[in-house]
Number of protein chains: 4
Amino acid sequence: MPTQPLTALKPRKTPSQSRSRVTVDAIYEATIQVLLSRGMAGLTTTGVAERAGVSVGTMYQYFPNKQSLVYALNERFLTTLAERVEATCAQMQGRSIAEAAEALVDTYWAAKTERPELTRALYRSVAELETDALLRAFAARVDKATTDMFCRASDFRSPDAGEVNLLLTTVIYGSVRNAFERGLGQEEIAGLKSGLKAMCRAYLEAVGN
Amino acid sequence: MPTQPLTALKPRKTPSQSRSRVTVDAIYEATIQVLLSRGMAGLTTTGVAERAGVSVGTMYQYFPNKQSLVYALNERFLTTLAERVEATCAQMQGRSIAEAAEALVDTYWAAKTERPELTRALYRSVAELETDALLRAFAARVDKATTDMFCRASDFRSPDAGEVNLLLTTVIYGSVRNAFERGLGQEEIAGLKSGLKAMCRAYLEAVGN
Amino acid sequence: MPTQPLTALKPRKTPSQSRSRVTVDAIYEATIQVLLSRGMAGLTTTGVAERAGVSVGTMYQYFPNKQSLVYALNERFLTTLAERVEATCAQMQGRSIAEAAEALVDTYWAAKTERPELTRALYRSVAELETDALLRAFAARVDKATTDMFCRASDFRSPDAGEVNLLLTTVIYGSVRNAFERGLGQEEIAGLKSGLKAMCRAYLEAVGN
Amino acid sequence: MPTQPLTALKPRKTPSQSRSRVTVDAIYEATIQVLLSRGMAGLTTTGVAERAGVSVGTMYQYFPNKQSLVYALNERFLTTLAERVEATCAQMQGRSIAEAAEALVDTYWAAKTERPELTRALYRSVAELETDALLRAFAARVDKATTDMFCRASDFRSPDAGEVNLLLTTVIYGSVRNAFERGLGQEEIAGLKSGLKAMCRAYLEAVGN
DNA sequence: AATGAATGAGAGTTCATTCAT
DNA sequence: CATGAATGAACTCTCATTCAT
């Protein structure tokens, strides 16, 4: 898989005029629609343009290639997610680690659950993209926020904040994803979520926090 | 995403003759090679046939279409994985839940780590396939085994084995996948694995097992 | 190749105002720049407009279509070339045919060599254009001048001036072009030029001039 | 203009089977037809395939891209031309330089005039191709043959055969091309040809051959 | 008069699949 | 049975040209 230069995935022009803004938003939304209705394999440039009500040419003025469409979607989604996590982290400053962890579970879960179909589609879309860099950047950003939160927790005394952070975030993010992949009902989801929190709590108590 | 009839993904004939067996195996291996070297997008039928040293026509004798190649790969991999998990479950009969959980972590982790690149490739390949049914079948099979194991654990007293099982397996499988997605070093992986075990243990103790 | 009406290749308006003149000149120059840097295939209307620092719309005010850009370039170049040849012809009135021929070699060669890259680019551009009419007009104009010059040469006694003219000009123009197509060094070029002159002289002497 | 690797212009497979041979020949001929009827700009891959009576896919099995079609045409033509020149050179061994030069004029002229429209089309096609290498190779090959011929001429005494060769070939090849570009009648062509020969003869006599 | 966003026909190219040999 | 040449629908992307602002 040849690695593409990142620039090739970035939108071509930042829409400053209002007309452009509308166009770009329409394309974003159309990409989501097509992704949901026809899946990643059925996502064609003409299909997206048609759904967006613009010509292919117009679309290509804002997105240099097909990949950039999905890339932009992921970028948007991840940015929002990161902001939410950061907000939670800021809010949880000085609380106990357990409380912080539980809040993280809630925030992450909520963000992913808001548009479950989109979440699922994006999870899948990632597989075909050169999104490694994007994901890594996102992970770094979020890790920084959560590590900070854990460090400044009222009861923090672990020698290595990074280790705690890695464990908790891996378990939380991974569990959320896996929960998504099983087709679970409301009740099961609720049980899973509280179970996950309980696990985090129990672990932190056990290691002395 | 139009759902395809499952039969279209199954190999066309079960190779009984030894020559066929060799051919099919070559195709399997070639699919893996191409998947690893060129990624899912670079996986072409002619490419696989070439690598396998057979003609496209011959390949189509055994695999009805392109998807079936990757489908078969996943099926093989998941079957092996299921067998391993079942073996572990059988072996852990009568031990404590915590021990069982830890053994599950070890088995699952080991299976996924054996050919990390292939694991990664298959994780990704799933996104583009109609593998939901396959995955569900795998999940059901494995869940049965683990639930059984937990039920018959020496210290089992939870009213709902399914709930415990869902939580533990979701956390374990999810964490492993997430660990895979971060590019971690040996040391971090080791820490993560023992941390995951500790979490399971702590949780089980906390809920009275 | 459908023949286009010649009018479609002419600049739309003769720029009388000074601002327009500047704009048109900028476009001319930009066309050259792009032609040299990206070749005929890389010559796009937006590319030229950008380089010229004007909008596509403005460009289309002065040039009705893409072809007209290159057409105009050729026209300019050929006009200048014709003027130079005419000047030489005027200057050589009354001299011997051999001297006239040599002067023609010098003038033509110098004109083509002044901006060799541009010459090369224009030679190539012609292939893709409906420039036959333009070239014919140029040829007629120049032939008239040179035929005149030969007719009025001090030692002219050939029965058919047109024939002599056709031979000499064909050989001269053709040789210059061919010399351009081989990638020759300074020394070879000098040798070629003096050789060409010698040929003309020898021929004229041999036929009695 | 980025230089392309030469390999990209070479036919993909050498047709060994007779069916393939027919196909490839049909494509060659179709390329010529389209080139003549619609010009270089009107040469499309689908157009050629259609004219050849094959599918685009088939065409792409033998020619890796559009350029390679025209490239192959030029290659064929130039090879034939080179062979003819070489044959003439072999035949003219030991004759006088003047006779050799005249024979060269005849051969070259005849080869170019055989299919005048094709010659014209190929002259033009060259402009848009990365044929520099091809042309250089052809020039080197032909120059070698003609230089040899001149060296071994019965009356050869010039100190530098290369110089004589360069002059004569440049004048001959250039004149032929220029003659092609003017739309000349039979009579003028005949006059031009004999004039060109006379020039060569006169020159050689003048310099002592 | 100038702008440049929008257009969309149409280009080149790929590749899963078939079927005559 | 095996082969691999042939197919052609479908895809991505370009760019000359227009016209509302």
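Letters go in sequence order (proteins before strands), and every chain restarts at 1.
Comparing E:dT7, F:dT18, E:dA6 against the side chain of A:Val54 picks out E:dT7 as the nearest. Here the side chain of B:Thr44 is nearest to one of F:dC13, F:dT3, E:dC15, namely E:dC15.
For D:Arg21 and F:dA6, the CZ to P distance is 13 Å, given to the nearest whole Å. We find that OH of D:Tyr60 is positioned 14 Å from C1' of F:dA10, with the value rounded to whole Å. The CZ atom of D:Phe63 sits 18 Å away from the C1' atom of E:dT14 (whole-angstrom rounding). We find that CD of A:Glu50 is positioned 12 Å from C1' of E:dG8, with the value rounded to whole Å. Between the CG atom of B:Asn65 and the C1' atom of E:dT18 there is a distance of 14 Å, rounded to whole Å. The separation between C:Lys66 atom NZ and F:dT14 atom P is 14 Å, rounded to whole Å. Distance, D:Leu43 CG to E:dG10 C1': 15 Å, rounded to whole Å. At whole-Å resolution of the value, OH in A:Tyr62 and P in F:dC13 are 18 Å apart.
Annotation: salt bridge (Lys or Arg N to Asp or Glu O under 4.0 Å) contacts of D:Glu29 (sequence neighbours excluded): D:Arg115.
The phosphate of E:dC15 (OP1 or OP2) has no side-chain N or O of B:Thr45 nearer than 4.0 angstrom.
Side-chain contact check for C:Ser20 and C:Tyr62: at least one donor-acceptor pair (N or O, by modelled atom type) lies under 3.5 Å.
The base of F:dA6 is paired with the side chain of D:Gln61 by a donor and an acceptor separated by under 3.5 Å.
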Report task. Carefully, step by step, assess A:Arg124 and B:Asp132 under the rule salt bridge (charged side-chain N to carboxylate O under 4.0 Å, His left out). Result -> CA-CA 12 Å; A:Arg124 297 192 154 201; B:Asp132 279 2; 3.1 Å; yes

Requested in this report: Starting from the C-alpha separation in whole Å, work towards a yes-or-no answer on side chain to side chain contact (heavy atoms under 4.5 Å, CB included) for D:Leu122 and D:Leu118.
Outcome: CA-CA 6 Å; D:Leu122 289 182; D:Leu118 178 57; 4.0 Å; yes

Report task. Using the side chain to side chain contact (heavy atoms under 4.5 Å, CB included) rule, take C:Arg120 and C:Leu36 through it: C-alpha gap first, then chi angles, then the decisive distance, then the call. Result -> CA-CA 9 Å; C:Arg120 215 181 299 266; C:Leu36 292 184; over 6 Å; no

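Between A:Thr45 and A:Val48 there is no side-chain heavy-atom pair separated by less than 4.5 Å.
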Requested in this report: Could you provide the dot-bracket string of DNA chain E, using ( ) for intrastrand pairs, [ ] for crossing pairs and | for bases paired to another strand, with Watson-Crick or G-U pairs below 3.5 Å?
Outcome: .||||||||||||||||||||

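Identified under the ring pair (Phe, Tyr, Trp, His ring centres under 6.0 Å) test for residues 21-59 of chain A, with sequence neighbours left out: A:Tyr28-A:Phe63.
Ranked by how close their nearest DNA chain F nucleotide is to the 5' end, D:Met59 and A:Thr46 are led by D:Met59. Toward the 5' end of DNA chain E, the nearer of the two residues C:Thr58 and B:Val56, judged by each one's closest nucleotide, is C:Thr58. Position along DNA chain E of the nearest nucleotide to A:Ser55 versus B:Gly42 favours A:Ser55 as the more 5'-ward residue.
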